[in-house]
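Following: one structure in structure tokens, then a few remarks.
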Amino acid sequence: MIKQPRCTRGARQVTTMLTLGTCFLMFVANLSTVQAAWRTLDEARVTRLTFSDRRALQLDFAGGGRGQIFFVTPDVVRVRINPRGTLEADASYAVEDRGAARANVAEFAGSEDAPELVGSSGVRVRVNRAPFRITILDRENRIVYESDAARPAMFDSESGEFETHIKRTSQTETYYGFGEKALPVSRHGQRMVNWNTDTYGYPAGLDPIYQTIPFYIALNKGTAYGLFFDNTFRTFFDTGKTDERRVSFGAAGGELNYYVFTGGNERSPKKIVGDYADLTGRAPLPPAWALGYQQSRWGYYPESRVRKLAADLRRNRIPCDVVYLDIDYMDGYRVFTWDKTRFPNPKNLMSDLRAQGLRTVIIIDPGIKVDPNYSVYTEGKAAGHFVKDATGKELNMNVWAGASAFPDFTDARAREWFGSYYKTHLDEGIAGFWNDMNEPATFLPDQLNEPRIFHHPGKTFPLDTPHAGDGRPDTHRRYHNVYGMQMARATFESLKRLRPDERPFVLTRAGYAGVQRYSAVWTGDNVASWEHLALTIPMLTNLSVSGVPLIGADIGGFSGEPTPELYTRWLQAAALTPMMRSHVESAKLDREPWIHGEPFTSINRKSIELRYQILPLLINLFEEHARTGAPVMRPLWYEYPQDSLTYLIEDQYLLGSDILVAPVVRPNQVKRSIYFPKGTAWLDWWTGKRYEGGTTAEVEAPLTRLPLFARAGATLPIQPIVQHTGEMKASDVRRVNVDERAVFPLTR
Ligand code: MIG
């Protein structure tokens with residue numbers, strides 16, 4: 001079939017094909033056995049090539065496809081191909097400013113037969129017309145990207161699926177990013193799918209989970225490139241799993257629309273991550289309180305329980321800025337309501353908590369209970385804001401509240417309408433909002449004649465459900481992966497509108513590339529296990545280089561029960577992650593730092609105090625991110641791409657460039673081995689002992705101590721311990737030079 005592409009095309013081509021006897025026979029044979037009609041894009045060679053405006057190469061393919069290649073910056077090449085014909089209107093939920101994705105100046109070089117597009121910094125795109133292939137070369141003539149000559153790009157003219165293939169630079173090339181994946185730090189040798197999925201208690205290796213960020217960075221002997229595949233359908237990446245010689249990616253629909261990041265002169269990960277942030281946006285500065293310790297659980301109710309929590313925090317001198325209320329605060333799980341028996345006077349509660357230096361974040365789910373006596377439902381219905389099914393009936397699916405309707409968050413009107421309900425909560429003094437279940441996740445229909453398998457793929461909207469798509473109506477196939485991000489956007493934009501002088505705090509479970517513009521992200525329903533504690537580092541560092549800086553994992557594990565040792569090690573490990581939140585599912589033990597008694601309470605207090613000491617640095621790093629797009633939490637390879645011994649490190653991370661964190665992520669360990677990256681020396685935070693770069697050392701790590709190091713020569717802003725960010729004073733911040741004598745005792 002691949003060899004006879006013209007025979008398997010749709011009906012439009014049939015008449016011309018009838019003249020070819022053999023083709024006709026094949027066509028008939030295919031009709032009886034095959035629905036899909038996979039064709040190669042390569043064999044459909046480029047028949048016409050135009051260079052317009054000193055900017056873009058326009059390509060016409062023999063089979064009717066259209067394409068475009070251009071530079072969006074001197075170091076970022078964009079490729080768009082629609083194998084089915086005219087290119088779609090250029091819309092993207094990921095790209096912050098449409099202008100950023102438009103063509104930059106370039107020169108046409110080469111010839112009609114061997115065309116080349118040359119960017120203003122000397123990067124070249126070579127196009128091979130027949131068969132169609134692309135090679136991108138940096139200005140030193142090194143290959144950045146090369147179509148795999150052995151494997152044509154393929155598409156299926158009936159289903160709309162397609163895939164393309166890149167030659168791997170080397171079989172030791174490593175891959176990072178891909179958003180949120182429960183996978184090892186380098187994602188080489190993997191086949192990964194992007195389809196936002198509610199995966200309670202996901203085991204390591206389960207894929208996909210909640211987020212879709214189809215962006216990666218490839219690294220080989222210090223030389224990197226990046227690739228962002230801006231396609232919201234179900235997509236996949238195969239990084240040498242099916243064939244170790246190639247990387248493949250593809251989608252279940254839409255266009256082949258991707259950006260190749262050359263990494264500039266240096267071919268560096270830093271440049272790639274920065275360019276990706278320029279394209280998809282940066283996180284605005286979070287409120288300082290969101291960087292403090294956050295205490296959550298599913299089950300903080302009634303009001304007296306929350307008041308007791310606040311008192312316990314302060315009595316135990318556990319620094320804390322935020323408490324969370326989960327779904328139990330609502331009246332029968334109706335969003336934007338209160339259960340008045342559990343919380344008779346939310347406003348009073350909020351102001352009493354605020355007086356103790358505590359902010360409250362509440363959960364808001366997308367589902368709206370079908371209930372004729374519930375104004376959010378009746379108003380949304382009357383205004384036509386709810387998603388309808390393929391037959392035009394309101395889509396109702398079961399979630400916590402029972403049968404519920406869902407706003408179409410891909411419609412600006414629905415976003416604004418939903419967002420307007422936050423006003424009451426803001427007036428009550430609620431400080432931030434937590435958007436859950438927005439993959440979207442639903443329960444299985446009551447009548448379902450199918451096995452009730454865990455993580456059933458049917459726990460979302462039917463694929464043919466229509467969406468507005470902000471001016472490009474299409475089905476859930478196209479918009480599933482952006483639904484959650486657009487809900488977070490509705491929340492963020494309404495907070496901006498309602499409180500223009502405050503920095504919004506939004507936390508979301510599902511998202512798509514660019515979600516950082518609206519929201520923080522947590523890694524969903526993890527597990528109280530050592531394996532999951534270890535997984536937090538590769539998960540968070542990769543999410544971080546996928547452009548999302550404000551991230552965290554539920555401390556202690558959401559599902560199950562941690563041993564006292566595991567919870568204590570987890571608090572230590574998370575003390576310097578961008579977001580520090582303990583959380584737990586309902587009916588399991590609290591994840592409060594004093595829950596296991598001494599000696600654990602004192603050790604846990606010390607972990608949180610450490611975070612508050614370092615908070616001025618953390619705030620600086622968020623400012624740096626807002627300016628440059630640099631991640632806050634960094635994998636070692638990001639700072640040290642020339643040191644290949646950093647490439648596979650799973651259990652160490654950097655906070656900014658100056659702090660190296662090496663948590664203990666295994667039970668009964670009182671020592672651990674630590675690699676110090678080449679090119680700089682590191683001082684032990686607690687003892688001042690110096691370690692040279694490029695060495696590995698065994699370091700003492702009793703339960704009382706988080707192995708922590710500061711970069712020799714750095715200057716760190718540190719403050720005395722406070723109980724919450726409201727107590728911080730700029731005049732108390734000390735700038736400590738990390739020299740031979742630096743030791744960082746905890747100060748009160
Ligand atoms: O079906 O709101 O991931 O953090 O506590 C479970 C209850 C719904 C899933 C979230 C979790 C939250 C829980 N939610």
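From a predicted model like this one, the values you see are computed outputs, not experimental measurements. All ligand and atom numbering here is 1-based and tracks the order in the structure. These values consider heavy atoms only, across backbone and side chains, with no hydrogens, waters or symmetry-generated copies.
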Please report whether the ring centroid of [Y] lies less than 6.0 Å from that of [X].
X: Phe336; Y: Tyr422; result: yes
X: Phe406; Y: Phe461; result: yes
X: Tyr216; Y: Phe229; result: no

Could you give me the CA-CA distance, side-chain angles and deciding distance for Thr491 and Ile364, then say whether side chain to side chain contact (heavy atoms under 4.5 Å, CB included) is met? CA-CA 9 Å; Thr491 306; Ile364 298 284; 6.0 Å; no
Below 4.5 Å, heavy atoms only, C-beta onward: do Lys347 and Asn345 meet side chain to side chain? yes
Measure from NZ or CZ of Arg187 to the centre of the six-membered ring of Phe178 and say whether it is under 6.0 Å with the direction within 45° of the ring axis. no
Expected rows: ligand 1 N/O, protein N/O, dist below 3.5 Å:
{"unit_1": "ligand 1", "atom_1": "1 (O)", "unit_2": "Trp400", "atom_2": "NE1", "d": "3.0"}
{"unit_1": "ligand 1", "atom_1": "2 (O)", "unit_2": "Asp326", "atom_2": "OD1", "d": "2.6"}
{"unit_1": "ligand 1", "atom_1": "3 (O)", "unit_2": "Arg509", "atom_2": "NH1", "d": "2.9"}
{"unit_1": "ligand 1", "atom_1": "3 (O)", "unit_2": "Asp525", "atom_2": "OD1", "d": "2.5"}
{"unit_1": "ligand 1", "atom_1": "4 (O)", "unit_2": "His583", "atom_2": "NE2", "d": "3.0"}
{"unit_1": "ligand 1", "atom_1": "5 (O)", "unit_2": "Asp326", "atom_2": "OD2", "d": "2.5"}
{"unit_1": "ligand 1", "atom_1": "5 (O)", "unit_2": "His583", "atom_2": "NE2", "d": "2.9"}
{"unit_1": "ligand 1", "atom_1": "14 (N)", "unit_2": "Asp436", "atom_2": "OD2", "d": "2.7"}

